[in-house]
Amino acid sequence: MLSRDAGNVTADGLRHQFRVFVLGGRVVHAREHLQPEPDAPCNTCQGATAVHIAPPDLPPRLAELAVAATASVGLPFAGVDLAVENGGVVFEVNVQPAFVDGEVEVDAVAVPYIQAHLDAHALARGARGTARPPHVSESIGTGREGFTTSA
């Protein structure tokens, strides 16, 4: 098991790893996952407890690794799973990371992510002059309700 090889175990015997959310080349949120079961994956779906960490409180090496890992796969946004032991180990770069604490992570991660998309859309619209913002009155023909565009 790769995480066991990474030596990512706390002083009290819990396996742990960090999930670091990166947007636009900077850390916007982080959390540490603490797993009491030594052979279970170190994620909240498998019983790990998430402890939120403000970006300034994240060890600088983890922030650097998370930003570099996100850039290395060409993503503007990702949730990077990593450990600080042994100089830093990246386990996974998630293109659609799960949010485990709605209010905290929506404010810290989802809102800035959506705003970045809106800003990019506005910039593209200004540069090309052809894109139009969605409008609630006309369907764009997806066959599904709620998908609309302006005339």
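Treat the numbers as computed from the prediction; the structure is a model and nothing was measured.
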Does Leu82 offer a backbone N or O that forms a donor-acceptor pair with the side chain of Gln17 under 3.5 Å? no
Determine whether a donor-acceptor pair (N or O, by modelled atom type, separation under 3.5 Å) exists between the side chain of Asn94 and the backbone of Ala78. no
Where do Val67 and Val27 land on the side chain to side chain contact (heavy atoms under 4.5 Å, CB included) test, with the steps shown first? CA-CA 7 Å; Val67 169; Val27 173; 4.2 Å; yes
State which residues pass side-chain contact (heavy atoms from CB on, under 4.5 Å) with Arg61; sequence neighbours excluded, sorted by chain then number. Glu64, Leu65
Looking at every heavy atom in both [X] and [Y], which two are closest together, and how far apart are they?
X     : Y     : result
Gly47 : Pro36 : O-CD, 3.9 Å
Ala30 : Phe21 : N-CD1, 4.5 Å
Ala69 : Val80 : CB-CG1, 4.1 Å
Cys42 : Ala48 : C-CB, 4.1 Å

Does Asp12 have any side-chain hydrogen bond (donor to acceptor under 3.5 Å, both in side chains) partners at least two apart in sequence or in another chain, and if so, which? Thr10
Hey, are His16 and Glu85 close enough side-chain-wise for a donor-acceptor pair under 3.5 Å? yes
Any side-chain donor-acceptor pair under 3.5 Å between Arg31 and His33? yes
Heavy-atom side-chain contact between [X] and [Y] under 4.5 Å:
X     : Y     : value
Gln35 : Thr49 : no
Phe77 : Val95 : no
Val20 : Leu58 : yes

What distance separates His29 NE2 from Arg19 CZ, expressed to the nearest 0.5 Å? 10.5 Å
Flag yes if [X] and [Y] sit in one hydrophobic cluster, no otherwise; membership is Ile, Leu, Val, Met, Phe, Trp, Tyr, and two members link when side-chain heavy atoms are under 4.5 Å apart.
X     : Y     : result
Ile53 : Leu34 : no
Phe18 : Leu75 : yes
Val51 : Leu14 : yes

